[in-house]
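Worksheet: one structure, shown below.
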Amino acid sequence: MDPPSLNKNISPGNPTKFLFGSARWLNTLHGIFFVSLFSLASYHVASFESMKSLRISPVIIGLILGAIYANSFGKDLPPEWMPGIGFCKDKILNVAIIFYGVKLTFQDLFQVGLGGFLASIFIVISTFIVAFLLGKYFFKLDFELSLLIAAGSSICGSAAILATSSILKSKSYKNSVAVAITFLFGTAGMLLFPLVYRLGWLPINEDIFGILLGATLPSVGNVAAAGAAISEAVAQNAIIIKMIRVMMLVPFLLLLGVFASKKKHTGGDYDRPMNVQRKSQVIIPWFAILFMVTIAMNSWLQPPLEVVNAINHGDKFCLTMAMTALGLETSSHKMQGVGLKPMYLGFGVSLWLVAAGLLIVHFIG
């Protein structure tokens with residue numbers, strides 16, 4: 001028997017149902033609206049003075065609030081709303097990644113010179129390799145979790161983790177663990193680096209210290225906060241170096257898409273490949289390509305600052321919605337058995353980032 005049409009028996013006299021179809025679509029909108037309310041609450045919490053002083057973004061607060069709800073009242077969440085929550089975690093996330101490109105211009109590449117550009121590439125590639133190998137082969141974490149932590153640590157924190165997860169289709173609890181690890185060690189670095197500079201433990205000038213911050217801290221927020229705590233000059237250099245690392249997200253996602261398509265072609269999962277042949281389907285992360293298009297448009301059109309700020313605010317809200325939805329799909333029983341190994345990996349990667357950053361500073365300085 002054929003399933004009923006989504007729009008069957010819907011009268012044009014009911015505008016909402018006529019536009020959006022059956023109750024299934026209305027329930028999806030309920031899920032989206034529910035995530036939006038949590039995201040607004042995250043912005044409110046982030047406006048507290050204590051949160052401002054710690055530079056905690058509403059993006060992270062959204063993840064925490066979503067996870068708290070999922071592990072307390074989550075059983076009361078109507079299952080019909082889950083498609084809307086999934087829509088926020090996947091589709092709205094892609095929109096957030098695309099408009100993340102408004103933060104970047106190609107002119108940024110020329111401000112730091114060839115040395116800064118090469119330093120950024122070295123940090124991204126070496127950190128990714130070290131983090132993945134440590135996670136997969138030393139700490140015996142599964143492929144996806146190792147890859148997620150490696151992407152977040154080497155490129156741009158939670159944004160890279162969520163973009164990677166959209167290609168891997170990894171489970172929500174793994175994404176949450178990876179975000180939590182990068183947030184924890186990124187925050188620690190954000191607080192410790194300015195202290196180290198003020199104590200004079202690293203006798204280097206402000207320009208070089210800015211490069212060190214941009215090369216070692218995982219997220220743009222970490223870099224901006226740590227740099228601003230020292231001086232405007234340090235913050236400027238740090239952010240430029242960090243933005244070059246962010247640009248590496250595009251080739252990384254394209255390569256990951258090719259890799260994922262090959263895994264699907266052989267019919268295996270990431271940890272246990274099989275030899276059954278399937279129809280090959282190249283996974284093209286279009287949002288990554290549109291991310292680069294956004295950077296190009298921002299570079300050439302140079303929109304007014306008011307427009308850029310408005311887009312950045314909307315982009316942060318979309319990313320907050322995606323992280324909130326991720327938290328709402330994360331329950332504690334799914335994370336049982338993960339243990340402390342991701343924490344050990346985060347600590348090991350942080351040590352590598354500091355060592356690699358000091359190596360770069362030695363050659364540049």
Side-chain angles (χ1 to χ4, degrees), residues 32 35-36 39-47 51-52 55-62 88 91-113 116-117 120 155-160 162-163 190 206-207 210-211 213-214 217-251 253 285-324:
I32 295 172
V35 173
S36 300
S39 301
L40 289 172
S42 301
Y43 267 79
H44 179 66
V45 174
S47 67
M51 294 298 174
K52 286 182 178 180
R55 303 273 184 165
I56 297 180
S57 166
V59 175
I60 298 298
I61 295 174
C88 295
K91 305 302 181 184
I92 291 183
L93 166 65
N94 291 348
V95 172
I97 297 298
I98 290 169
F99 286 104
Y100 199 81
V102 174
K103 301 176 185 291
L104 310 173
T105 66
F106 292 132
Q107 289 86 345
D108 294 337
L109 296 174
F110 301 104
Q111 292 189 34
V112 295
F117 181 72
S120 298
I155 304 176
C156 54
S158 58
L162 294 180
M190 177 187 73
E206 288 191 347
D207 292 339
I211 293 175
L213 290 180
L217 294 178
S219 76
V220 177
N222 296 151
V223 171
I230 299 174
S231 72
E232 184 177 345
V234 171
Q236 182 176 358
N237 276 352
I239 290 172
I240 291 173
I241 292 293
K242 182 61 194 177
M243 289 310 178
I244 297 175
R245 288 173 65 190
V246 173
M247 288 183 182
M248 296 289 288
L249 181 64
V250 176
L253 293 175
W286 292 107
F287 65 91
I289 297 174
L290 292 175
F291 170 74
M292 185 59 75
V293 171
T294 303
I295 295 174
M297 293 179 64
N298 190 42
S299 302
W300 295 329
L301 298 180
Q302 297 182 348
L305 183 60
E306 295 80 8
V307 174
V308 172
N309 287 337
I311 293 174
N312 283 334
H313 283 300
D315 177 66
K316 179 178 277 191
F317 188 77
C318 287
L319 194 56
T320 302
M321 289 183 67
M323 291 287 275
T324 302

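The chain is numbered in sequence order, starting from 1. These numbers were taken from a predicted model, which means no experiment stands behind them.
Atom-to-atom distance recorded for I155:CD1 and M247:CE is 13.5 Å, nearest 0.5 angstrom. In this structure, M321 CE and S39 OG are separated by 5.5 Å, a value rounded to the nearest 0.5 Å. Distance check: N94 CG to F99 CZ gives 12.0 Å after rounding to the nearest 0.5 Å. Here the CE atom belonging to M292 is positioned 9.0 Å from the CG atom belonging to L249, to the nearest 0.5 angstrom.
Considering all non-hydrogen atoms of both residues, I241 and G214 come closest at CG2-C, 3.6 Å. Across all non-hydrogen atoms, the minimal contact from S231 to E206 is OG-OE1, 3.1 Å.
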List the atom pairs, with distances to 0.1 Å, where a side-chain N or O of residues 307-319 and a protein N or O form a donor-acceptor pair under 3.5 Å, not counting sequence neighbours.
from, atom 1, to, atom 2, distance (Å)
N309, ND2, L305, O, 3.3
N312, ND2, V308, O, 3.3
D315, OD1, Y100, N, 3.4

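Under the side-chain contact (heavy atoms from CB on, under 4.5 Å) criterion, A226 pairs with M190, P194, L213, L217, sequence neighbours left out. Annotation: side-chain contact (heavy atoms from CB on, under 4.5 Å) contacts of S42 (sequence neighbours excluded): P58, I61, L65, T320, T324. By the side-chain contact (heavy atoms from CB on, under 4.5 Å) test, I98 pairs with F287, L290, T294, sequence neighbours left out. S299 is linked by a side-chain hydrogen bond (donor to acceptor under 3.5 Å, both in side chains) to nothing, counting only residues two or more places apart in sequence or in another chain. Legend: residues meeting side-chain hydrogen bond (donor to acceptor under 3.5 Å, both in side chains) with S219, ordered by chain and number and at least two apart, are N222.
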Walk me through whether R245 and C156 qualify under side chain to side chain contact (heavy atoms under 4.5 Å, CB included). CA-CA 7 Å; R245 288 173 65 190; C156 54; over 6 Å; no
